[in-house]
Number of protein chains: 2
Amino acid sequence: MKMNEGVEWAMHSCVNLSWAPGEAVTAKRLAAFYNLPTAYLNKQLQALTRAGILSSVSGPKGGFQLARDPRNISLLDIVVAIDGPDDAFRCMEILKEGPGADARADYTKVCVISQAMRGAELTYRRELASRSIADIADEVVRLNPSAPDNTRSRFANLKS
Amino acid sequence: MKMNEGVEWAMHSCVNLSWAPGEAVTAKRLAAFYNLPTAYLNKQLQALTRAGILSSVSGPKGGFQLARDPRNISLLDIVVAIDGPDDAFRCMEILKEGPGADARADYTKVCVISQAMRGAELTYRRELASRSIADIADEVVRLNPSAPDNTRSRFANLKS
DNA sequence: GACAGGGTACTCGGATACGTCCTGTCCGAGTTACAACGG
DNA sequence: CCGTTGTAACTCGGACAGGACGTATCCGAGTACCCTGTC
């Protein structure tokens, strides 16, 4: 049970983008920020664009920017966009092969084990849904007030 | 982010074993219960044995049984035994490549994103740790009182 | 000097290999029961 | 009849292939800028 590496990159990139509003930042600069492979990060940014989290523009002066207010982008949105919407625990309804099975029953709902696992994942997703990119950015600013300026200046230096 | 298939098998097998205390049940019979591949289920049961959840005996009259009281076996124990102890989200500390990075800092602890993800997974694991195999078994009995007898008789029928 | 048109450079987007881990299978080590044999 | 010994069958345990998905990369589609030529 391991999550895609790109989730971490996507989250950091979204926080950085929240500090450069109205400006299209290229995948190249976003990748250079943390020495990440450009093409692969681009792939993740594409997924975020398909999910409606980012908006993209091609060509010179092109790049990515947040498609909506960072208060409306939750960590869960990013996880779902990159890692997919499926739950980690997939009930294969093996009870259907057991004794006294009812072919009509939906064992993903009936099976007690499935219920417990789904419940646990639900609390996990709820927790992620309650945290927005804006919350993260605010917390970072609280710990390091110069972070937004540092990000913007670094974007500027990487412009060449 | 998908969990090993074997987790589901292991949980169902542990519940069934809780209804056959003191009896060594072979992997063959446990697999026949749900038409699962015997050798692969055996692999999962081996993992549970290494984790101290089951005890195994070789040879004729051999098999597996719960190594301790089902009240002391949590769903988290099984997940950890089969799927490994690592968190799904792995902070690769990409901030170390960023501007103003501190090589001495442990960014798995400092990074706000890492904190948020770890916090969410903690609630998930807490939820799983709070549910024991005995709890699951009791709930199944409440919904279907004849389940333990059905399981025992099926084990007996599969003895040949 | 101003404007139109073509070319060029730059960026996103999807299609294409590579590596790792889950899935599935097989054969050997260990142990018990049984049967045969001798006392 | 009872004890002993050897054999055989059965089970767990770890080592061995196959496939799916995450990781990484490359080339084509689209767009804005710039340079050139003309009015």
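Below, read A as the first sequence line, B as the second, and so on, with proteins coming before strands; counting in each chain starts at 1. As the structure is a computational prediction, the values presented were derived from the model and not from experiment.
- Going from atom OG1 of B:T49 over to atom CZ of B:F64 covers 4.5 Å, rounded to the nearest 0.5 Å.
- Rounding to the nearest 0.5 Å places OG1 of A:T151 at 10.0 Å from CG of A:L17.
- Against DNA chain D, the stretch residues 76-97 of chain A makes no heavy-atom approach under 4.0 Å.
- Within 6.0 Å of the CZ atom in A:R152, the count of heavy atoms belonging to other residues, nucleotides or ligands exceeds 12.
- Within 4.0 Å (heavy atoms only), A:A27 reaches sugar-phosphate atoms of the nucleic acid but no base atom.
- In this structure, CG of B:N4 is placed 14 Å from P of D:dG22, rounded to the nearest angstrom.
- Qualifying side-chain contact (heavy atoms from CB on, under 4.5 Å) partners for A:N72, counting only residues two or more places apart in sequence or in other chains: A:R68, A:D69.
- In the region residues 32-41 of chain B, proximity to DNA chain C at under 4.0 angstrom, judged on heavy atoms, holds for B:P37, B:A39, B:Y40.
- Taken residue by residue, residues 45-59 of chain B places heavy atoms nearer than 4.0 Å to DNA chain D at B:Q46, B:R50, B:S56, B:V57, B:S58, B:G59.
- With sequence neighbours excluded, no residue forms a side-chain hydrogen bond (donor to acceptor under 3.5 Å, both in side chains) with A:D86.
- For the ring pair (Phe, Tyr, Trp, His ring centres under 6.0 Å) condition, no pair includes a residue of residues 67-101 of chain A, sequence neighbours left out.
- Checked by atom type, the side-chain pair B:N16/B:S13 shows no donor-acceptor distance below 3.5 Å.
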